[in-house]
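This chain uses plain numbering: 1 for the first residue, then up along the sequence.
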Amino acid sequence: MNVIIAIHKEYADLIFEGKKTIEVRKGKMPHYYDRVFLYETKKNGGAGMIVGEFEPDSLVPIMETSPDKMSDSMVAQTCLSRIELETYAGAPYKKLCLLKVKKATKYEKPVQLKQPGPQSWMYAREWEVKQIDRENH
């Protein structure tokens, strides 16, 4: 299973630079996925397209936890402050899904989806994966 996540340009760039090694999502994520495609939102000059992907470090999220239970090391890997994580999670601190980035690839040519991009995440259908692969491999 593959997923597409919406992400702001600044965080996509940090993933591609290898600085952001934990991606944070609110709520539940699938229990299994092979590839995570990055749909860069249009906010702050983003492309509004799939700009790359990353392989998760494992086939499942590394954990679901609340910000107050995250170690300082984990917080640092998100490239967010603990206060930003707490605000994002909402109060009382709801669980966040943490995805460990293993290998990120930025595409030379972003891929336009034939449908609107996700608000947070969505499953990548087989034809979308084929389109992405065809345009970037």
Side-chain angles (χ1 to χ4, degrees):
M1 184 62 56
N2 302 300
V3 294
I4 301 171
I5 63 171
I7 190 165
H8 296 301
K9 180 177 178 17
E10 64 183 298
Y11 299 118
D13 290 343
L14 289 169
I15 287 173
F16 296 134
E17 293 168 12
K19 295 177 182 173
K20 183 174 176 63
T21 56
I22 293 180
E23 175 55 20
V24 181
R25 298 278 113 181
K26 277 198 257 192
K28 296 277 185 188
M29 288 286 293
H31 292 282
Y32 169 84
Y33 46 86
D34 298 301
R35 295 160 73 187
V36 178
F37 296 102
L38 301 177
Y39 174 83
E40 191 177 86
T41 66
K42 290 184 178 181
K43 184 178 179 181
N44 296 328
M49 294 188 243
I50 302 282
V51 296
E53 67 182 82
F54 71 80
E55 295 175 21
D57 191 35
S58 63
L59 296 178
V60 295
I62 59 168
M63 74 170 35
E64 291 180 10
T65 188
S66 57
D68 58 328
K69 292 189 168 77
M70 292 172 64
S71 69
D72 290 341
S73 171
M74 291 174 81
V75 170
Q77 291 176 68
T78 69
C79 293
L80 296 166
S81 69
R82 192 173 297 276
I83 292 171
E84 288 171 315
L85 287 167
E86 290 168 355
T87 300
Y88 181 63
Y93 306 131
K94 296 180 181 172
K95 294 211 175 194
L96 296 172
C97 182
L98 308 179
L99 309 173
K100 182 75 173 157
V101 177
K102 180 178 179 183
K103 177 185 172 195
T105 304
K106 184 173 184 175
Y107 296 154
E108 288 183 29
K109 177 184 171 193
V111 178
Q112 182 70 52
L113 290 176
K114 294 179 181 176
Q115 63 184 13
Q119 291 295 314
S120 177
W121 71 272
M122 66 185 192
Y123 289 106
R125 292 175 279 217
E126 187 176 335
W127 62 267
E128 291 168 319
V129 174
K130 286 180 181 178
Q131 175 192 359
I132 292 166
D133 288 343
R134 184 174 53 250
E135 293 187 28
N136 284 286
H137 292 97

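For the pair M74 and I22, the minimum side-chain heavy-atom distance is below 4.5 Å. Between K26 and L96, the closest side-chain pair of non-hydrogen atoms falls below 4.5 Å. Side-chain contact between I4 and P118: present, with at least one pair of heavy atoms (C-beta onward) separated by less than 4.5 Å. The shortest distance between side-chain heavy atoms of V24 and L98 falls below 4.5 Å. Residues V36 and W121 form no side-chain contact, since every pair of their non-hydrogen atoms from C-beta on lies 4.5 Å or further apart. At a threshold of 4.5 Å between non-hydrogen side-chain atoms, the residues V3 and R25 do not count as touching. Side-chain contact between I7 and T41 is absent, with no heavy-atom pair separated by less than 4.5 Å. For the pair V51 and Y107, the minimum side-chain heavy-atom distance is 4.5 Å or more.
Annotation: the span from K106 atom NZ to F54 atom CZ amounts to 16.0 Å, rounded to 0.5 Å. T21 contributes atom OG1, which lies 3.5 Å from atom CD of Q77 (distance to the nearest 0.5 angstrom). For the atom pair E40 CD and D13 CG, the distance stands at 6.5 Å (nearest 0.5 Å). The OG1 atom of T78 sits 4.5 Å away from the CG atom of L85 when rounded to the nearest 0.5 Å. Interatomic distance, D133 CG to E53 CD, rounded to the nearest 0.5 Å: 7.0 Å. The distance from the CD1 atom of I50 to the CD1 atom of I5 is 9.5 Å, given to the nearest 0.5 Å.
The salt bridge (Lys or Arg N to Asp or Glu O under 4.0 Å) contacts involving residues 70-86 comprise D72-R82, where partners must be two or more places apart or lie in separate chains.
Contact detail for A104 and F16: the closest heavy-atom pair is CB-CD2, 4.0 Å. Of all non-hydrogen atoms in V111 and Q131, the two that sit nearest each other are CG1-NE2, 3.7 Å. The two residues K42 and G48 have their closest heavy-atom pair at CG-CA, 3.6 Å. Of all heavy-atom pairs between Q119 and A6, the closest is O-CB, 3.7 Å.
I132 and M49 are assigned to two separate hydrophobic clusters, defined by single-linkage of ILVMFWY side chains at heavy-atom distances under 4.5 Å.
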Note to self: One pair to check against side-chain contact (heavy atoms from CB on, under 4.5 Å): N44 and K9. What are the steps and the verdict?
What the structure shows: CA-CA 7 Å; N44 296 328; K9 180 177 178 17; 5.7 Å; no
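In terms of modelled atom types and a separation under 3.5 Å, the side chain of E55 and the main chain of K102 share no donor-acceptor contact.
Between Y11 and H8, the ring-plane angle classifies as tilted under the 30° and 60° cut-offs.
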